[in-house]
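Everything on this sheet refers to the single structure shown next.
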Amino acid sequence: MSYAKLAGLHPIYGLYTGFVPLFLYAIFGSSRQLAVGPVALVSLLVSNVLGGIVNSSSELYTELAILLAFMVGILECLMGLLRLGWLIRFISHSVISGFTTASAIVIGLSQIKYFLGYNVTRSSKIIPLIESIIAGADQGKSNKRLRFLRASGPLTAVVLGTIFVKIFHPPAIPVVGEIPQGLPKFSIPRGFEHVLSLTPTAVLITGVAILESVGIAKALAAKNGYELDSNKELFGLGIANICGSFFSAYPATGSFSRSAVNHESGAKTGLSGIIMGIIIGGALLFMTPLFSDIPQCALAAIVISAVTGLVDYEEAIFLWGIDKKDFFLWAITFITTLVFGIEIGVLVGVGFSLAFVIHESANPHIAVLGRLPGTTIYRNILQYPEAYTYNGIVVVRIDAPIYFANISYIKDRLREYELNLPNSNRGLDVGRVYFVILEMSPITYIDSSAVQALKDLHQEYKARHIQIAIANPNRQVHLLLSRSGILDLIGAAWCFVRVHDAVQVCLQHVQNASSSALKLASQASGDSADSISTSKEEQQRIKQDGFFKNLCKAKNGNADSGTEVQPLLRQNLV
């Protein structure tokens, strides 16, 4: 009943929403402890949107709230049937925390009117609420004898408050009033001409409901040792809302507080939901006359106490110490929700979340690997400063799938490594990079754009006399590289099982080619001793040209290999 009042509806619709959906979810849902019914956040969304369309006292307001339940149920069923639950993963925990914290503050302020004794503007923005509270301060000074009772509303239990009102009938404390007795009657939702204007709200409520319900259900499933089917969960919630809308229910979802009570009470099956539904049905049949004298401040106190736990300032402190980016997401969602309203807050939060996801995907982490002393293991040289690299060889690990959005960034980084040589401390000083080894174990996918870009990269490297080697691709990536012809371009002999194998082969080529190049350079220097026109730069060029010529011979198999390495990766096997 408290949440129905928050939604701007008659309290009876809160009981209706907590009746029929419980039975349907118990049959079609997958969680054994989740308690389905009205919740504060969804109620605030309903109030905020419908209040801008029609007056809350009109019959159309109630019809549109019931229609919203039908629309939300359709969307949830479609997402469950099409297995689209993964879309919700793009809303980060930081956004959810900032959004719920701001919403809890707005909900709390919207209920303070029942304690102050005067009306407060209905709004989902904090500035109009505060202005309305301040502007009406003079109105609350009347009837000083009862001011204490209104202020103590949050501490008043519903039973004690009802008894007090029943005995003393204080005129300054508003009560719930008459509540219809009996079960809800079957009726078809109306107001379908407003479907288009309600669609954005239905999508928003669906997202919030799924986040809240699936998150709670997964946590309870983990505690009780069973697996939760997210898509079945969506379908169960959808059926509950669709059928509930035919019995005068507004959008329902999983409640954190009621589910926690259900769990602590030892509920092990969906039968607990059916029992709750039977109890609410009994209350509708026999107890509604007792509810008429419940003080509205008592219902408001219930709402405020329920949303107090949503104020998650500890999460903001935690994020500030762990990840400034996530703290920024929390803060921007929190501020925009408070100032501009719930819809804008969610859109801004989700927009920034997606922007961060796209940025991380388009700018993946790339590491230069070095060999750990005394092992054949290669790790990030920034993480392990003791790891050493070899002159003329760069080992690069790309920690992401390669696709059209990040291939340009990857090529730029590889070019950077080529121009700005890492501080190599092993092997002969050859003055430049001749081998680039791509450690491909983290790469799970390569698309067609990346395939073409890799072909272009190979041609660019070939023009600059650089050989690409591939180490440890997974089966899917290896087959794609083979079918696209990249392995034929690079050469199947340059595809290895381990990074260490690739490094050893490259070292053999560097050492064999370097020894021959030194002989050529020495001979060239002797022949030009009597020539004043031959400069040091020219001698260095002759030395490097000789090195490259012998390196090419070594690549073609003319150099003798003295060190045995593990078998090279065959083209049809990973």
Side-chain angles (χ1 to χ4, degrees), residues 83 86-87 89-90 354-370 377-383 393-419 422 433-503 505-506 555 566-574:
R83 309 183 72 84
W86 57 269
L87 290 172
R89 301 174 194 166
F90 285 97
L354 291 176
F356 280 125
V357 169
I358 294 171
H359 179 268
E360 292 296 327
S361 178
N363 299 274
H365 179 261
I366 301 176
V368 175
L369 305 185
I377 298 172
Y378 291 75
R379 291 292 182 265
N380 187 349
I381 59 175
L382 297 179
Q383 184 177 359
I393 303 172
V394 176
V395 183
V396 178
R397 186 187 67 211
I398 303 168
D399 296 329
I402 304 178
Y403 69 113
F404 66 93
N406 63 15
I407 187 62
S408 296
Y409 174 81
I410 293 171
K411 288 175 66 176
D412 291 342
R413 292 296 300 275
L414 292 175
R415 179 63 173 165
E416 178 184 329
Y417 294 143
E418 178 191 347
L419 297 177
V433 172
Y434 285 97
F435 295 95
V436 174
I437 302 173
L438 300 179
E439 212 283 64
M440 305 190 78
S441 58
I443 300 174
T444 57
Y445 170 74
I446 296 179
D447 73 351
S448 57
S449 299
V451 166
Q452 186 58 47
L454 288 175
K455 289 181 179 179
D456 296 339
L457 182 65
H458 168 73
Q459 296 299 330
E460 294 173 14
Y461 274 170
K462 186 176 180 181
R464 297 197 294 272
H465 314 310
I466 297 174
Q467 174 67 50
I468 295 179
I470 295 173
N472 195 25
N474 66 33
R475 183 177 183 275
Q476 181 182 357
V477 171
H478 184 263
L479 289 175
L480 191 146
L481 294 177
S482 177
R483 291 170 183 170
S484 63
I486 289 181
L487 290 186
D488 294 332
L489 284 175
I490 296 175
W494 292 98
C495 192
F496 300 87
V497 175
R498 300 184 305 168
V499 172
H500 184 64
D501 296 338
V503 172
V505 171
C506 293
K555 290 178 185 178
Q566 292 192 8
L568 301 179
L569 187 65
R570 297 199 303 274
Q571 192 166 349
N572 61 347
L573 178 65
V574 175

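Within the 3.5 Å criterion, the main-chain N or O of Y409 finds no donor-acceptor partner in the side chain of N406. Between the Q452 side chain and the L454 main chain, no donor and acceptor come within less than 3.5 Å of each other. N474 places a side-chain N or O within donor-acceptor distance of the main-chain N or O of I443, the cut-off being under 3.5 Å. Put simply, the side chain of S484 gets close to the backbone of L480: a donor and an acceptor are under 3.5 Å apart.
Between P473 and M440, the shortest heavy-atom distance links the atoms CA-CB, 4.0 Å. In terms of heavy atoms, I407 sits closest to A453 at CG1-CB, 3.1 Å. Minimum interatomic distance between Y403 and D447 (heavy atoms only, all atoms of both residues): CA-OD1, 3.2 Å. Residue Q476 comes nearest to T444 through the heavy atom pair OE1-O, 3.8 Å, listed as atom of the first residue, atom of the second, then distance. The two residues I366 and Y417 have their closest heavy-atom pair at O-OH, 3.5 Å. The minimum heavy-atom distance between A362 and A405, with the atom names listed, is CB-O, 3.7 Å.
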Pair R379, I377 - check side chain to side chain contact (heavy atoms under 4.5 Å, CB included), show working.
CA-CA 7 Å; R379 291 292 182 265; I377 298 172; 3.3 Å; yes
Test log, rule side chain to side chain contact (heavy atoms under 4.5 Å, CB included), inputs K455 and I486:
CA-CA 6 Å; K455 289 181 179 179; I486 289 181; 4.0 Å; yes
Show the numbers, then the answer: is there a side chain to side chain contact (heavy atoms under 4.5 Å, CB included) between N472 and V499?
CA-CA 7 Å; N472 195 25; V499 172; 5.9 Å; no
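Using a cutoff of 4.0 Å between basic side-chain nitrogens and carboxylate oxygens, R464 and E418 are scored as salt-bridged. A salt bridge links R498 with D501: the closest approach of a Lys/Arg side-chain nitrogen to an acidic carboxylate oxygen falls below 4.0 angstrom.
Once rounded to the nearest 0.5 Å, the distance linking CD1 of I393 with CD1 of I437 reads 5.5 Å. Distance check, rounded to the nearest 0.5 Å: CD of E439 to CG of N380 gives 11.5 Å. Separating the CD1 atom in I410 from the CD1 atom in I402 is a distance of 4.5 Å, to the nearest 0.5 Å. Taken to the nearest 0.5 Å, the CZ atom of R415 stands 8.0 Å off from the OH atom of Y461. Interatomic distance, NZ of K462 versus CD1 of I490, reported as 12.0 Å (0.5 Å rounding). Put simply, CZ on F435 and SG on C506 are 4.5 Å apart, with the number rounded to the nearest 0.5 Å.
Within the 4.5 Å cutoff, no side-chain heavy atoms of P442 are placed close to those of I398. Put simply, the side chain of I466 reaches to within 4.5 Å of the side chain of V436, judged on heavy atoms. With a 4.5 Å cut-off on side-chain heavy atoms, L438 and R397 do not count as touching. A heavy-atom distance below 4.5 Å is not found between the side chains of V395 and V368. With contacts defined as side-chain heavy-atom distances shorter than 4.5 Å, the pair H458/L489 qualifies. Residues N363 and H359 form a side-chain contact, since some pair of their non-hydrogen atoms from C-beta on lies under 4.5 Å apart.
No donor-acceptor contact under 3.5 angstrom links the side chains of H465 and Y434, judged on distance only.
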